[in-house]
Structures are given as structure tokens and as C-alpha cells.
There are 2 protein chains.
Amino acid sequence: MNSLEQQSWQSVHDEVLRRIHTREWKPGDLIPKEVELAEQLGCARATVNRALRELASEGFLDRRRKAGTRVAAHPVRRAKLDIPVIRLEIEGRGQKYAYGLLFSERRTPPPEICANLGVTAESDMLHITSLHLADGKPFMFEDRWVSIAATPTILDADLEKISANEWLVLHAPYTRGDIYFSAVNASAAEAKVLRTDPGTSLFLMERTTWENNTGITSARLLFAPGYRKHSAI
Amino acid sequence: MNSLEQQSWQSVHDEVLRRIHTREWKPGDLIPKEVELAEQLGCARATVNRALRELASEGFLDRRRKAGTRVAAHPVRRAKLDIPVIRLEIEGRGQKYAYGLLFSERRTPPPEICANLGVTAESDMLHITSLHLADGKPFMFEDRWVSIAATPTILDADLEKISANEWLVLHAPYTRGDIYFSAVNASAAEAKVLRTDPGTSLFLMERTTWENNTGITSARLLFAPGYRKHSAI
DNA sequence: AAAGATAATATGTACGTACATAATATTTCT
DNA sequence: AGAAATATTATGTACGTACATATTATCTTT
């Protein structure tokens, strides 16, 4: 660290992270305040602020006005999971993407969907199931309910050509969403669609999205055996 | 929007997001440059910059110098997954945490662990298996390998009292890590430990962490049936 | 001593200016 | 025309100042 040359917020970020890693600053420790650090490292407070803000959002630091900045006592790892459109995920693996609509029906939703989206049992909804394939093999089975009130134009979409997954991303951006990851044993019907055996362990992703407080869609995405979702920290 | 009162970066963030949601700015569209937006919204460029930077990191915008800022053509949802220490995850659910060491052995690692961590087959490692319980019921089975070269002090840790999971978080902060999520059928042994039936679908989290380029630990975390990992977007 | 009001303080953020950097557009040269 | 050099431009970031805000510490009152 040379106090003459200009410091970038990234170099401050790295230097603070180094001190945490080398345990110069241990979990729970109060670290110097921004002005002091700025002086130490030869940069402006704004630069230190940017670096510390970033580190806090990464879970390494806890910051509170007046109380100061501490090394996180129980570092919570914040994994960033990229959830692209299925087509891009498959193409990103270098595989050929294909898609097939299984069925599409306009009807009222079952209780669990009402509960997820916070809508009434009489809601006008579209129920769609489809299969996404990678190199011709079943990759993911999608079982989705879409609120027609929230996105009426979905009735005009040609869901034989574009998947509901992709159509929604392009035409119904949302403000809020929930995802649940879990593991389930394949039912007989699911096993048949995904060309595997009943009871096989499958990776399940359940997504619900809202715009403000109106539910848009709730989907159950069931992945073929062997699927692994990766995340770097 | 009042051009007289001061704009916060959050209000700019929300306004831009609103324009994306209402499709005033569609996926792929070039949006006004920072100076123009600042003028429009009555704030400084730095404020607009902060808001747009945030939106880009959230996956809503693509930004490139000179080329300008565009609405992301294929919005990649970036889910933030908090991965706390198991004890805190269980206590956060309002359940009582307990932990039992199953066995701990110092030996050379099998091939797959060598591959994960990038170490040789002759490495000096600690192999630990343990069970984490919530309200007395099996919650997660942990099968972990720790490099003794990277963290020699783990030999002094009393792993009957503190889990390797927690000890490592407190004593061996890392710089880089990988996580894989998947679903597997329980083996006979795994089923017995988790008190369930063989073949039951289980949620699996595989974690490997490095400090710089030396592998620290590789763990296989197998959750009891019914486990769901949540994430808000 | 307990409660309430007040002061002190570290972080949070806005602004304007200045310059850096990367990518594109234009001009010049061959 | 094609390649190379140059200018242009939008974002990226650093700085110093100013003030806001949340929280803690201190003082005052009862």
C-alpha cells in the first residue's frame, strides 16, 4: 500500500478482506471507522465507504450507524444463483434445446395454487404443462399456472412455439418472487414424462412471482435425474 | 417525480425499474444516458450511476462503456441464497439444535476428494462425519474432508462439542467456494442415519472451499426428507 | 434511580468536478 | 478498399464537502 498513489475501492476491498482472512481482524471485531481507514490507506472516505458497503453486502461485515463496522460474527455465505431462461441454460451447456407443449387449459386453480399466489378459487387461470429437452432427452418438466387477469396477453402467445417460461420473462417482468429448492421422488406420471423410473430422486424448483401484490404465475419445475445446480461464492 | 426535491438513488432505481416493468423500456432497448436521466429526474449523475449500477448487478440492465445502457434482453434472475451455519438455520426456525459426531479419522483422501480440492492422493486429511438434529430429529448428515496442511489447528478443535461446519466458519475463512445443489436417492446407510427409508429423495448440497488456490475442505451435506431451501428474488 | 430530553458520532447518501477507461466512430494513410 | 491511427463518447470511479439519519452516550429532570 502506497499512500501516494490513488487507491481504488477494489484495492481497499481486497485489503480489508485480506485482514479478515489473515485474522488480523477476527469475527466480531470492531474495525477502524471510515475516516481512519481512509487516512490509513490514503484515499477518500467515499472510496472506503464503497468498499465496506460491498463487503457488507457480501456478508463479511456488519455495519450500523454510530455503532461502527464489525467483522461478521457468523459469516453468512451469500451464494449468488443465476437463474436464466431454461433455453439459455441448456444452450450454455453446449446442448441443443427443444421444447414441447404437453397441454394448455383455461380453468380455475386448485387450492395450493390459490394459496401460493394469494388469489381466489374462482380466478381465471391458464394451466400449462410442457417439457424442455436437451439434445433430445427430457431435461425439465414444467407445470405452470398463469393468472389471466395479471397477464391477459398470454392468451395471444403461441405456446407451441415459445415456452411459457420464456414468454413470461419477456412479457411479464415481475417485481417480487419466491423460489424453493427441494428433492422429491418421481411419481409414476412424472417418471414417464421424464423417461425415468418412478421413485427416482428429482431436483424440484418451485417459483412464484408477483407484480406488486398481484400473483402472476406459480410454476413447478422438475429436473431430470442427475441435474445439479451450481453456484460460486 | 418532483424536480425540486432531492432524489435518492433508491427512487431513481425504483423509477427505472417501473419503466422496465411497464414496458416503457423493453428488453434490448437502449435507455437514456446517465447525464440525460440525471437531468430528467433532477439529480446528480452520481446518483443515477449508483441506481443503474445496482440494477445491472440485479440483472435488469446491461451496461457497457461508450455503448450505453440497455434493458437486459434475457433478464437473468439472480437469486441470493443465504447459507448460514447449520446451527443458526435450525435455531432460526425456532427449533432446538443438537449435534453428534459420528466419527473422525485422519487418513488419505479418496480420488473424488482429491479431484474436488486439487490435492494429491497422499495428502494428510481429516475425515469427519456428523449428524445435525432439529428438535431431536435428524436434520442433516455431514460428510466432510478437511485438509490438515491448510488448517492444522483443526486437530486441536474438540469436534465433539463444536461441529466442523461451525469451527471452519470461525477459524478458516476462505476466499473462494463452489456449491452444487442436487437430489439423490438415500442409500441404505444414509437412510439409517437420517431415520428414513432407503430410496427416499434427499436434498444434497456439495461444498468445496479454497483459500487462494489451496483446497481447505470438501463437504457433502445431505438433508432429511422434506427439506426446502428458500430464496427471495 | 428511573425516565426522558439532549448531545455526540459513525455511517448513509447527495452533489459537482475531474479524470480514467473501454468501446465505438471517424479520419488518415497506404 | 482496407488497415491503422486518432478522436469521440458513455460509463467507471476518485475526491471533498455537505448534510441526513440512526443509534449510542450523556445530561437533566422527576
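Letters A, B, ... are given to chains in the order of the sequence lines, protein chains preceding strands, and every chain is numbered from 1. In this text the structure is predicted, and so the values were computed from the model without any measurement.
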How are the rings of A:Trp9 and A:His13 set relative to one another: parallel (under 30°), tilted (30 to 60°) or perpendicular (over 60°)? perpendicular
In whole Å, what is the span from the CZ atom of A:Arg70 to the P atom of C:dT11? 11 Å
Give a yes or no on whether the backbone of B:Glu160 and the side-chain of B:Asp158 come within a donor-acceptor separation of less than 3.5 Å. yes
Start at the 5' end of DNA chain D and walk down; is the nucleotide closest to A:Arg64 or to B:Val35 reached first? B:Val35
Rounded to whole Å, please give me the gap between CG in A:Leu52 and C1' in C:dA10. 12 Å
Which part of the nucleic acid, if any, lies within contact of A:Arg45, taking any heavy atom under 4.0 Å across all strands shown: a base, the sugar-phosphate backbone alone, or nothing? base
Measure CG/A:Leu30 against P/D:dT24 and give the value in whole Å, please. 12 Å
Take atom CG of B:Leu61 and atom P of D:dT11, then tell me their distance rounded to the nearest Å. 11 Å
OP1, OP2 of C:dT13 versus side-chain N and O of A:Asn49: anything below 4.0 Å? no
So, is B:Arg63 near the phosphate of D:dG12, with a side-chain N or O under 4.0 Å from OP1 or OP2? yes
Measuring to OP1 and OP2 of D:dT24, would you say a side-chain N or O of A:Arg65 lies under 4.0 angstrom away? no
Angle between ring planes, B:Tyr227 versus B:Phe203, binned at 30° and 60°: parallel, tilted or perpendicular? tilted
From C:dT13, D:dT11, D:dC15, nucleotide with atom closest to B:Thr69 side chain: D:dT11
Can you check whether A:Arg50 has a side-chain N or O nearer than 4.0 Å to OP1 or OP2 of D:dA14? no
Could you tell me whether the phosphate oxygens of D:dA22, OP1 or OP2, come under 4.0 Å of any side-chain nitrogen or oxygen in A:Lys66? no
Within this structure, what is the CD-to-P distance between A:Glu34 and D:dT17, rounded to whole angstrom? 16 Å
Among C:dT13, D:dC15, D:dT11, the one nearest any side-chain atom of A:Thr47 is D:dC15
Out of D:dT13, C:dT11, C:dC15, minimum distance to the side chain of B:Ala46 belongs to C:dC15
For the pair made of CD in B:Glu54 and P in D:dT11, what is the distance, rounded to whole Å? 17 Å
Taking atom types as modelled, is there a side-chain donor on A:His132 or A:Glu89 under 3.5 Å from an acceptor on the other? no
What's the CG-P distance between A:Leu55 and C:dG12, to the nearest Å? 12 Å
Just how far, in rounded Å, is C1' of D:dT11 from CG of B:Leu37? 13 Å
Can you say whether the rings of A:Phe223 and A:Phe139 are parallel (under 30°), tilted (30 to 60°) or perpendicular (over 60°)? perpendicular
